[in-house]
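Everything below concerns the one structure shown next.
It should be emphasised that the depicted structure is a prediction, and the values quoted were computed from it without experimental measurement. Nothing fancy with the numbering, it's 1 onward along the sequence. Values below: all heavy atoms of this structure, side chains included; hydrogens, waters and symmetry mates excluded.
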Amino acid sequence: MQEPGVIVIDIGKTLSKVTLCLGGAVAARRERVNRVVEQDGVGVLDVDGIEEWLAAAIGDLARRGPVGSIVPVAHGAAAAIIRDGKLAFAPPDYEQEIPGPIRAEYDCERDPFALIGSPALPAGLNLGAQLFWLERSQPARFDAKSRILTWPQYWSWLLSGVAACEVSSLGCHTDLWRPLEGKFSALANRRGWVERLAPLRPAGDVLGPITRKWARRTGLDPSTGVLCGVHDSNAALLTVRGIEAIAIDDATVLSTGTWFVALRASAEGERIDPSLLPENRDCLVNVDVQGRPVPSARFMGGREIQLLCAEGGVRIEDPASQPALLAALTTIVTERRMILPTMAPGVGPFPDARPAWIDAPESPAARAACVALYAALVSDAMLELIQARGSLVIEGRFARAEAFTRALASLRPDLRILVVEGELDLALGAARLVDPAMASSVRLVEVAPLDRALVDYRVEWRARVDTRARQN
């Protein structure tokens, strides 16, 4: 008899995915490109479009065999407001600008970084700023009768009818959580948001069976359990923690997608001091599914790569392009061709830097190689900021970018850098919430550094970044 599968719903910023996991491996997947829509003049996430697609995608995968559980996964800095059993206001797009006077007032109310491990980020990247704005702009919808659901838990509520929140999403630069103390922030208590947040539940809790409506809509068995769900980067961390070859006490995960997020699994009993992380360089303290603090750093790597490669037509993650990119790297390094940060202003380790090409190459392959090297240099800076050590596992679509991963290995000879043979899939980590002992089919491959050292190139690149910053 076939073992029941696990369906993982992954609502990312760029893509939504539905994955069927069987026996610790990915059996099938469906994907959809996300978009931002407008609601009352505000850019919000396309909840209706995702839901319609989701029903069809789950139904498609459900026909492949029995499904025992559904695990929702989603990105951070998003929350849905429900009222009277319905969606009252879709999550604002975290890139939506918040009016300046409101944001300035909000910033005066935030807890100190040393307590929340959450830096003040632009637009709506601090969830508390979104809630503060909605209080002012949508008072009829966001009142004492409304309930706040973190983004993964909106989908678990939709599927099960049970409202919950979960700590890995609350601990993702929301300003609502104090990770070292494991409790809500003073801001969240003072604004009355704690009472409106759905009850906290562990990520692996089964909230209930799928609703009859969704059972009919998808063809799933009505007994299919819906788990509370988890923040996407933490699902990737769970995937790595399931690989026996990694000494997880000394490991860092670099999750690569729209965002490049580095999460360092802290050693057992290690005390994390947020004051050692520079608040103004997009460092933060995330929280894993057990509520433990996780030193983290990030930049909008996928978005920057997309912008930088838009004209050349060569994708740095395309396996077929890697020989040409690797060959071009030698010339780029010798001739000191460079890209200076930052294409996505306000975030990353160089948030205030103005982007620039230094002697931009003309050929598409050389330009793409320069982009791969740029991504490695910024990732190297992030890893340095969070004091990464031991092993580094690179996951996500840019783990296939050999020019990027080998350049990073050259920059960080102190780290054992590994990528997955195939793909390190966060869906497998999410599936471990159903069965923590699930055997993983993931195989790791150690990354060989480039034939030449990049130390001198990095010194010159950082000097140029510093000089340009002083000129601002």
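- Sequence neighbours left out, the pairs with a member in residues 125-134 that pass side chain to side chain donor-acceptor pair (under 3.5 Å) are R103-N126, S118-N126, N126-D175.
- With sequence neighbours excluded, the residues satisfying salt bridge (Lys or Arg N to Asp or Glu O under 4.0 Å) with R315 are E317.
- Note that CD of E166 and SG of C172 are 10.5 Å apart. Values are rounded to the nearest 0.5 Å.
- For residues 98-118, the ring-ring contact (aromatic ring centres under 6.0 Å, His included) pairs, not counting sequence neighbours, are Y106-F132.
- Here the straight-line distance linking atom CG of D380 with atom CG of L411 works out to 5.0 Å at 0.5 Å rounding.
- Side-chain contact between V42 and Q96 is present, with at least one heavy-atom pair separated by less than 4.5 Å.
- The list of ring-ring contact (aromatic ring centres under 6.0 Å, His included) pairs with a residue in residues 55-74, not counting sequence neighbours, is empty.
- Ionic pairing of E135 and R191 is present here: one or more N-O contacts between side-chain nitrogen and carboxylate oxygen are shorter than 4.0 angstrom.
- Looking only at side-chain heavy atoms (C-beta outward), S69 and L227 come within less than 4.5 Å of each other.
- Listed by first and then second residue, the ring-ring contact (aromatic ring centres under 6.0 Å, His included) pairs involving residues 287-307 are F260-F299 (not counting sequence neighbours).
- A salt bridge does not link R412 with E384: none of the charged nitrogens is closer than 4.0 Å to a carboxylate oxygen.
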Inset, instruction - Evaluate the side chain to side chain contact (heavy atoms under 4.5 Å, CB included) criterion for residues L238 and L433: first the C-alpha distance (whole Å), next the side-chain angles of each, then the deciding distance (0.1 Å), finally the verdict. - result: CA-CA 8 Å; L238 281 171; L433 291 171; 3.8 Å; yes
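- Tested against L159 for a side-chain contact (heavy atoms from CB on, under 4.5 Å), the candidates I9, T211, T218 yield a single pass: I9.
- Here the shortest heavy-atom pairing between C283 and A297 reads SG-CB, 4.1 Å.
- Counting only heavy atoms from C-beta outward, the side chains of V33 and L15 approach each other to under 4.5 Å.
- At a threshold of 4.5 Å between non-hydrogen side-chain atoms, the residues M343 and L308 count as touching.
- You'll find the side chain of V18 reaches within 4.5 Å of the side chain of L61, heavy atoms only.
- In this structure, W214 has no ring-ring contact (aromatic ring centres under 6.0 Å, His included) partners at least two apart in sequence or on a different chain.
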Inset, instruction - Begin with the C-alpha distance, continue with both residues' side-chain angles, and end with the deciding distance and a verdict on side chain to side chain contact (heavy atoms under 4.5 Å, CB included) for L170 and V287. - result: CA-CA 8 Å; L170 282 173; V287 177; over 6 Å; no
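- For the 3.5 Å distance criterion, the side chains of S233 and S255 fail to qualify, holding no donor opposite an acceptor.
- Atom CG of residue L254 and atom OG1 of residue T256 lie 6.0 Å apart, to the nearest 0.5 angstrom.
- Between G302 and F398, the shortest heavy-atom distance links the atoms CA-CE1, 3.8 Å.
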Inset, instruction - Determine, step by step, whether T19 and R29 satisfy the side chain to side chain donor-acceptor pair (under 3.5 Å) criterion, reporting the C-alpha distance in whole Å, the side-chain angles of both residues, the deciding distance to 0.1 Å, and the verdict. - result: CA-CA 4 Å; T19 303; R29 168 168 292 151; 2.8 Å; yes
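- Between K17 and D232, no side-chain nitrogen of the basic residue sits less than 4.0 Å from a carboxylate oxygen of the acidic one, so the salt-bridge criterion is not met.
- Between A163 and P199, the closest heavy-atom pair is O-CD, 3.7 Å.
- Listed by chain and number, the residues in a salt bridge (Lys or Arg N to Asp or Glu O under 4.0 Å) with K183 are E181 (sequence neighbours excluded).
- Salt bridge status for E105 with R136: present, with a side-chain N to carboxylate O gap under 4.0 Å.
- The two atoms that bring A164 and L149 nearest to each other are O-CD2, 3.6 Å, heavy atoms only.
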Inset, instruction - Apply salt bridge (charged side-chain N to carboxylate O under 4.0 Å, His left out) to D111 and R178, showing your working. - result: CA-CA 9 Å; D111 292 29; R178 291 187 172 185; 3.0 Å; yes
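- Contact annotation: the side chain of L383 approaches that of L408 to within less than 4.5 Å [non-hydrogen atoms, C-beta and beyond].
- Taken to the nearest 0.5 Å, the CG atom of L418 stands 8.5 Å off from the CD1 atom of I394.
- The aromatic rings of W151 and Y154 sit parallel, their planes meeting at an angle under 30°, below the 60° perpendicular limit.
- The heavy-atom pair separating A388 from T252 by the smallest distance is CB-OG1, 3.6 Å.
- Every residue was checked against the salt bridge (Lys or Arg N to Asp or Glu O under 4.0 Å) condition with R281, not counting sequence neighbours, and none meets it.
- Residues satisfying the salt bridge (Lys or Arg N to Asp or Glu O under 4.0 Å) test with D143, not counting sequence neighbours, are R83.
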Inset, instruction - Please test I305 against I316 for side chain to side chain contact (heavy atoms under 4.5 Å, CB included), starting from the C-alpha separation and ending with a verdict. - result: CA-CA 8 Å; I305 290 168; I316 76 163; 3.7 Å; yes
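- Between the side chains of R32 and S16, no donor-acceptor pair is found at a separation under 3.5 Å.
- The two residues A427 and C21 come nearest to each other via the heavy atoms O-SG, 3.9 Å.
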Sequence neighbours excluded and cut-off under 3.5 Å, please list the side-chain donor-acceptor pairs for residues 86-94, or say none.
| residue | atom | partner | partner atom | Å |
| --- | --- | --- | --- | --- |
| D93 | OD1 | K13 | NZ | 3.2 |
| D93 | OD1 | E95 | N | 3.3 |
| Y94 | OH | W259 | NE1 | 2.6 |

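- Evaluation of the side-chain hydrogen bond (donor to acceptor under 3.5 Å, both in side chains) rule for D40 yields R141 as partners, not counting sequence neighbours.
- Going from atom CD1 of I148 over to atom SG of C165 covers 7.5 Å, rounded to the nearest 0.5 Å.
- Contact of the L20 side chain with the V26 side chain is not registered, since no non-hydrogen atoms from C-beta on lie closer than 4.5 Å.
- A salt bridge links D60 to R63: one of the charged nitrogens lies within less than 4.0 Å of a carboxylate oxygen.
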Inset, instruction - Could you go through the side chain to side chain contact (heavy atoms under 4.5 Å, CB included) check for D10 and L426 one step at a time? - result: CA-CA 9 Å; D10 175 11; L426 65 78; 3.6 Å; yes
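- No side-chain N or O of Q153 forms a donor-acceptor pair with one of S156 less than 3.5 Å apart.
- Rounding to the nearest 0.5 Å gives a distance of 11.0 Å between CG of L263 and CZ of R298.
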Taking only distance into account, with no hydrogens and no angle test, what donor-acceptor pairs under 3.5 Å do side-chain atoms of residues 48-59 form with protein atoms, sequence neighbours excluded?
| residue | atom | partner | partner atom | Å |
| --- | --- | --- | --- | --- |
| E51 | OE2 | R217 | NH1 | 2.8 |

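- Residues Y374 and F404 are not in side-chain contact: their nearest non-hydrogen atoms beyond the backbone lie 4.5 Å or more apart.
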